[in-house]
Amino acid sequence: MTRYLVTSALPYANGPIHFGHVAGVYLPADVYVRTLRMLGEEVLSVCGTDEYGVAITLKAEQAGQDYGEYVRGWHDNIQNFFARLGVEFDIFSGTSQCAQHEETAQDFFRQLDANGYLEKKETTQLYSEEDGMFLADRYVMGTCYVCGYESARGDECPHCGTWIDPLKLKNPRSALSGAEPVHRQTRHWYLNLPKLRDDFIGGWIQNHEWKPNVSAFIQNLLEDVPSRSITRDLKWGVPVPPELAGDEEGKRLYVWFDAPIGYVSFTKELMAQRGTPDEWRRWWQDEDTRLVHFLGKDNIPFHCLVFPSMLWGTQQDYVLPWQVPANEFYNLESGKFSTSEGRTFDLDAFFERYDAEAVRFYIITTLPETSDSTFSLEQMVQTINSSLAANIGNLATRVLKFIGKNFEGKVPALAPEHAQEFDRQILMESGEIQDPAESIRAFRFREAAAILLANSSVGNVFMQRTEPWAMRKTDPEKAASALNTLCEWIGWMARWTAPFLPGKAQALWEQLGQPGQVADQPWPGIPDASTWRSLQAGAPLGTPEALFPRVSLPEENELSLPQEKG
RNA sequence: GGCGAGGUAGCUCAGCCGGUUAGAGCGCAGGCUUCAUAAGCCUGAAGUCGCGGGUUCGAGUCCCGCCCUCGCUACCA
């Protein structure tokens, strides 16, 4: 039987994440997983932080923390942010804290080497004796040998745009200490992507059906793939397998190589926790698995070409990606989200004013699925008030409060003689009813959100036409039948909305007096006249309360980061 | 400089391989309704599809040129 292995791009543990990341990756992944679960699919959702690399060592040193402590801090910070938005994974680990990661990453290295997909090359790099390290291109400054600009970086000259060869820079110096680096020979392993492409992956990519914005990205990718260096002279990372390192000392795996392997090692970790350590193979090495990578567009080449090459190159029967629902970028109204530039919100203040699930819903309605899109506070307030408060939320309160006042707060009875008429009215004549899960399966999340609203409108239209408030005086039994029908509809809304608004859907479920977790209900699909009703007449309802209070724009500076207030 | 994305109603966005009067939601206007979170329902106004050429029987949709916006170019979706 088919099973779904869902991964979300590993956030780098050197800073907070923001709505941009959430919209691009984690929220759609969460909705996808929750939907599949209700559909009865077997699903595993894996994520964690990417915790190695030079950037982290430098920042940790600046902060005066040891590396493990430093990444742990950001790991927890990021996890808290996900928790606030209701984004959940089966496991949220980290590449330096996962007990299985080092060995797993080394195994990839060994297997790729054994199969002839690694090559060792000698190169000259800049070494800073002052800093005691080889300098990544980014950490070299110097005079541009093309235009003479004095503050060129080791990767690019910001003045003339030349791609710099750091070895040719005039007057090179370390961006860290300012000391002059020396040339030093070093040997590194490279992943032979051209060979992997020619042996298999090239053909696989061309025959695979990708999301349109993904195909556009990888079209030109194949023609010009270089071998990529997969080791570095680093202090913080997975060591090259000792038996292969030989006389090379201090070589560690380059983060880009070890990070995606985290998907595998985190799965192993989870299965070990569950007491079934071999179970990971069923997820990663079984052809019935559908591997789905959620990520941002900048990660497309990596997950469509490089990581599949690594998986296949081990010759260990790893599954290759089934779908890569990459999203575009999500920008803040006045530009991009950026924590470092203060272009984000004080989240404590933000979530004090705005309900996290309402925010979740707004973000889903604006996901950057086909092109970059924009987060706007004003738009968010409008969406919460019109779509959530007035449409979905108000449908529940208008029905349930009315029943509370006039029908003793119990599910009103459906008279058999009205059933057919009302079935027809709500299922056929009050607007088109669609199944949001079909859109979710196709990774069209915004469309799914629109369907939820349309389905909710069906309830409002039905109520408007049947006018139970008027009927109550002339034909109370018929009014009861209409309200019974509306209660059923609210039950459907609770189930349909559960993946999007997990907490609110549960509250709605309880207001209907239903037991248990709505998320444990089977996915309802599209109502069929002969089977769609399930409520017990006379069963007590819960206490009706507004699910989504109306909201307004924040006061000036209310949501600014603390250091910017005032 | 290089690479990428985009410029479609007031706003945010759909419009796949070119084909009848260009769509949605919100906002706005008018009417109806009062059960409800000043919520609901109905109707409506509103766009020279960035600019200029070209291909075509026919282009928002393909080609060329130009203008503008944004992002990446740091191991940040």
Side-chain angles (χ1 to χ4, degrees), chain A residues 8-27 50 52-56 136-139 146-147 153 155-163 212-213 216-217 220 232 254-257 259 294-299 302 326-331 333 335-340 365-366 368-376 378-379 382-383 385-391 393-406 430 444 446-447 449-450 453-454 457 459-465 467-470 472 479 483 486 544-550:
Chain A
S8 301
L10 307 189
Y12 196 54
N14 76 335
I17 59 166
H18 49 60
F19 288 158
H21 305 96
V22 170
V25 182
Y26 307 103
L27 198 44
D50 175 7
Y52 286 125
V54 198
I56 279 174
D137 295 351
R138 171 69 187 181
Y139 296 107
V146 175
C147 72
R153 300 192 311 246
D155 54 349
E156 182 194 53
C157 173
H159 188 253
C160 68
T162 304
W163 276 50
N213 68 327
F217 238 89
N220 306 321
R232 294 273 107 168
Y254 206 174
V255 272
W256 70 256
F257 181 82
F294 279 86
L295 38 86
K297 63 178 170 185
D298 55 338
N299 255 325
F302 202 86
N327 281 311
E328 305 291 306
F329 287 142
Y330 197 52
N331 299 309
E333 45 204 319
K336 74 161 196 163
F337 281 102
S338 163
T339 325
S340 56
T365 64
T366 55
E369 284 172 4
T370 53
S371 62
D372 290 3
S373 67
T374 308
F375 175 97
S376 146
E378 199 171 333
Q379 202 90 35
Q382 277 183 2
T383 297
N385 288 341
S386 61
S387 300
L388 294 179
N391 189 348
N394 184 52
L395 172 63
T397 42
R398 68 192 298 204
V399 171
L400 298 177
K401 285 194 176 177
F402 187 74
I403 293 173
K405 283 180 192 165
N406 301 296
S430 297
R444 292 195 296 264
R446 292 200 301 209
E447 183 179 87
L453 293 171
S457 290
N460 279 317
V461 169
F462 176 86
M463 185 155 182
Q464 203 67 36
R465 291 192 182 160
E467 300 187 320
W469 57 87
R472 180 176 73 86
L483 290 163
L486 282 162
E545 268 176 65
L547 288 175
F548 301 100
R550 289 177 61 84

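- An aromatic stacking contact links A:W469 with the base of B:rC35, defined here by ring centres under 5.5 Å apart and ring planes under 30° from parallel.
- As the counterpart of B:rU69, B:rA5 is assigned, both hydrogen-bonding distances of the Watson-Crick or G-U wobble pattern falling under 3.5 Å.
- Distance, A:Q382 CD to B:rG10 P: 15 Å, rounded to whole Å.
- B:rC42 and B:rC68 have their C1' atoms separated by 41 Å, with the value rounded to a whole Å.
- Distance check on atom C1': B:rA36 versus B:rA46 gives 31 Å, rounded to whole Å.
- Across the P atoms, B:rU55 and B:rU61 are found 15 Å apart, a figure rounded to whole Å.
- Base engagement by A:T397 is indicated by at least one non-hydrogen atom pair under 4.0 Å involving a base atom.
- In this structure, NE2 of A:H18 is placed 9 Å from P of B:rA77, rounded to the nearest angstrom.
- Considering only the side chain of A:H21, B:rA77 comes nearest among B:rA77, B:rG25, B:rU37.
- B:rC28 and B:rG44 make up a base pair, with Watson-Crick or G-U wobble contacts both under 3.5 Å.
- Closest contact between the side chain of A:R398 and the listed nucleotides B:rC35, B:rA5, B:rC76 involves B:rC35.
- The side chain of A:T374 lies closest to B:rU12 when the candidates are B:rU12, B:rA39, B:rU33.
- Taking atom P in both B:rC28 and B:rC72, the straight-line distance is 35 Å, to the nearest Å.
- With a 3.5 Å ceiling on both atom-pair distances, the Watson-Crick or G-U wobble partner of B:rC62 is B:rG54.
- Looking at A:N394, its side chain has no donor and acceptor atom pair within 3.5 Å of the base of B:rA39.
- Rounded to whole Å, atom P of B:rC35 lies 9 Å from atom CG of A:N406.
- At distances below 3.5 Å, at least one donor-acceptor pair connects side-chain atoms of A:S373 with backbone N or O atoms of A:T366.
- In this structure, A:G15 reaches neither bases nor backbone, as no heavy-atom distance under 4.0 Å exists between it and the strands shown.
- Comparing the P positions of B:rA59 and B:rA45 gives a spacing of 26 Å, expressed to the nearest Å.
- For the pair A:E328 CD and B:rG4 C1', the interatomic distance rounds to 9 Å; values are reported in whole Å.
- Aromatic ring orientation, A:F302 versus A:W256: perpendicular (interplanar angle above 60°, classes split at 30° and 60°).
- Look at CG on A:L453: it is 15 Å from C1' on B:rC13, rounded to the nearest Å.
- A pairwise comparison of heavy atoms in A:V25 and A:G296 identifies CG2-N, 3.7 Å as the closest pair.
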